[in-house]
Amino acid sequence: MTERQRKTQKPAQSKQQAKELTYSSYLALDELLKLQRTVSEPEHPDELLFIIVHQASELWFKVILHELEGLVGLLEAKDTLGALTSTRRVNALVRIVTGQLSALETLPPQRFAQFRGYLGTSSGSQSVQFRAIEAMSGMRDEHFVQVLKQHGEIPPLVAEAFTKPTLQQLFEDLLVAHNVTLEQIYAEAHQRPLQMLAESLLEYEQGFAMWRFLHVQLVERIIGPATSGTGGTLGSRYLQKTVSQRFFPKLWEVRSKFFQG
Ligand code: HEM
């Protein structure tokens, strides 16, 4: 919804409707709390935690994607401060989803081994929303596309993310609109708003890399460094390689310019 639409929005409900709304009905809790369907038999006491951390992560991925879409709009509108506000929220969300991994650090290897077999070939690597976040953020290279295709056709949500310019591209367009270079926004004090936005985008990248790092630590802590994943990869050896991937290579490269000669 645009800001204009939001301002002209009618009061959403009649008083009667609002009266009937309860905490539970508003949040669809009856449905939500029935969605944790364990598959181990007899039910393993740790499977509920395993499901909830994944489901909660997917809910946070959903809102991250939503916010990234908003960020794309703000960057397209060349709204620097709006984009800065938006990235600050995205960064808070990434920190939350990363923090959740710690709940699974309490899952010891022998207990995970007791129900891992029930998971079959299902794997986090099939997370469509995770791939859409990566694609929106700028991962579009051939390797990325190949990995995606291993799981069949590229899902519509990801394909849609491919239709939008990358965040790095949009940020560069913003610099062109201001007639400045990446180097200038760091060198010139009056360019501070653009510099703050650049730093916030970098923080997003760092936060995402932190998720990848803590996830691979978690994986090694639970299944060890040499066990293959349920998704068919080499497990931690595959995941280690993803930690150094960059959404905004130019934002990292520009720093070395201040240390040359
Ligand atoms: C017991 C805890 C966990 C274990 C043992 C685990 C294991 C793995 C392994 C081995 C992979 C590599 C792909 C494969 O072959 O399966 C993977 C990928 C992935 N997992 Fe997990 N994982 C755990 C928790 C989580 C959680 C809580 C999430 C949150 C949604 C998650 C999301 C992902 C994603 C998005 C990938 C793809 C990463 C990429 O390709 O860069 N995992 N996981």
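A salt bridge does not link Lys257 with Glu253: every distance from a Lys NZ or Arg NE/NH1/NH2 to an Asp or Glu carboxylate oxygen is 4.0 Å or more.
Contact annotation: the side chain of Val90 never approaches that of Phe208 to less than 4.5 Å [non-hydrogen atoms, C-beta and beyond]. Residues Thr80 and His178 form a side-chain contact, since some pair of their non-hydrogen atoms from C-beta on lies under 4.5 Å apart. Taking the side chain as every heavy atom from C-beta outward, Thr106 and Leu49 approach each other to under 4.5 Å. Contact check for Glu20 versus Ser25: no side-chain heavy atoms found under the 4.5 Å cut-off. For the pair Gln240 and Pro225, the minimum side-chain heavy-atom distance is 4.5 Å or more. When side chains are defined from C-beta on, Val145 does not count as touching Arg140, because their heavy atoms never get closer than 4.5 Å. Between Tyr118 and Thr38, every side-chain heavy-atom pair lies at or beyond the 4.5 Å cut-off.
Shortest non-hydrogen contact noted between Arg111 and Asp46 is NE-OD2, 2.6 Å. Contact record, Ser86 with Glu67: OG-O, 3.8 Å, taken as the closest heavy-atom pair. The heavy-atom pair separating Leu74 from Gly82 by the smallest distance is CD1-O, 3.5 Å. Between Asp173 and Lys78, the shortest heavy-atom distance links the atoms O-CE, 3.8 Å. The two residues Glu47 and Ser40 make their nearest non-hydrogen contact at OE1-OG, 2.5 Å. Across every non-hydrogen atom of Leu251 and Gln168, the tightest pair is N-OE1, 4.3 Å.
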Q: Just do the side chain to side chain contact (heavy atoms under 4.5 Å, CB included) check on Met136 and Leu71 with the steps written out, would you?
A: CA-CA 10 Å; Met136 278 198 76; Leu71 175 59; over 6 Å; no

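Put simply, Leu107 and Val39 are part of the same group of oily side chains (I, L, V, M, F, W, Y) that touch within less than 4.5 Å, one to the next. Taken together through direct or relayed side-chain contacts under 4.5 Å among Ile, Leu, Val, Met, Phe, Trp and Tyr, Phe61 and Ile51 form parts of separate hydrophobic clusters. Transitive grouping of hydrophobic side chains (ILVMFWY, heavy atoms separated by less than 4.5 Å) keeps Leu218 and Leu48 in distinct clusters. Under the 4.5 Å side-chain heavy-atom criterion for grouping Ile, Leu, Val, Met, Phe, Trp and Tyr, Leu170 is not connected to Val176 through any hydrophobic cluster. Residues Leu29 and Ile52 do not share a hydrophobic cluster, clusters being chains of Ile/Leu/Val/Met/Phe/Trp/Tyr side chains in contact below 4.5 Å.
Note: His54 NE2 to Gln100 CD = 10.5 Å, rounded to the nearest 0.5 Å. To the nearest 0.5 Å, atoms CD1 (Ile64) and CD1 (Ile96) are separated by 8.5 Å. Atom CG of residue Leu59 and atom CG of residue Leu32 lie 7.0 Å apart, to the nearest 0.5 angstrom. The distance from the CD atom of Glu172 to the CG atom of Leu167 is 11.5 Å, given to the nearest 0.5 Å. Annotation: the span from Leu101 atom CG to Ser57 atom OG amounts to 6.5 Å, rounded to 0.5 Å. Rounding to the nearest 0.5 angstrom, the gap separating the CG atom in Leu93 from the NE2 atom in His66 is 10.5 Å.
Around the CD atom of Glu41, the shell of radius 6.0 Å holds no more than 12 heavy atoms that belong to other residues, nucleotides or ligands. When the shell of 6.0 Å around CZ of Phe258 is examined, it contains more than 12 heavy atoms from other residues, nucleotides or ligands. Counting heavy atoms of neighbouring residues, nucleotides and ligands inside a 6.0 Å radius, atom CZ of Phe112 exceeds 12 of them.
Between the side chain of Thr230 and the backbone N or O of Ser122 there is at least one donor-acceptor pair closer than 3.5 Å.
Relative ring orientation between Trp211 and His215 is described as parallel, the plane-to-plane angle staying below 30° on a 0-90° scale split at 30° and 60°. A tilted orientation is assigned to the rings of Phe115 and His44, their planes being inclined by 30° to 60°.
Applying the side-chain contact (heavy atoms from CB on, under 4.5 Å) criterion to Gln184, with sequence neighbours excluded, gives Val180, Thr181, Glu188.
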Side-chain donor/acceptor pairs under 3.5 Å, residues 126-135, sequence neighbours excluded:
residue	atom	partner	partner atom	Å
Gln126	OE1	Ser123	N	3.2
Gln126	NE2	Thr121	O	3.0
Ser127	OG	Glu58	OE2	2.8
Ser127	OG	Phe130	N	3.1
Gln129	NE2	Glu58	O	2.8
Gln129	NE2	Glu58	OE1	2.9
Arg131	NH1	Glu134	OE1	2.8
Arg131	NH2	Ser125	O	3.4
Glu134	OE2	Arg212	NH1	2.8
Glu134	OE2	Arg212	NH2	2.9

Without placing hydrogens or testing angles, list every side-chain donor-acceptor pair under 3.5 Å for residues 196-207, not counting sequence neighbours.
residue	atom	partner	partner atom	Å
Glu199	OE1	Arg255	NH2	3.3
Glu199	OE2	Tyr186	OH	2.5
Glu199	OE2	Arg255	NH2	2.7
Ser200	OG	Thr87	OG1	2.9
Ser200	OG	Asn91	ND2	3.4
Glu203	OE2	Arg95	NH1	3.3
Tyr204	OH	Ser137	OG	2.7
Glu205	OE1	Phe247	N	3.3
Glu205	OE1	Phe248	N	3.0
Glu205	OE1	Trp252	NE1	2.7
Glu205	OE2	Phe247	N	2.4

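Residue Ser236 is tested with Glu220, Gln217, Arg221, Lys241 for a side-chain hydrogen bond (donor to acceptor under 3.5 Å, both in side chains); the sole match is Glu220.
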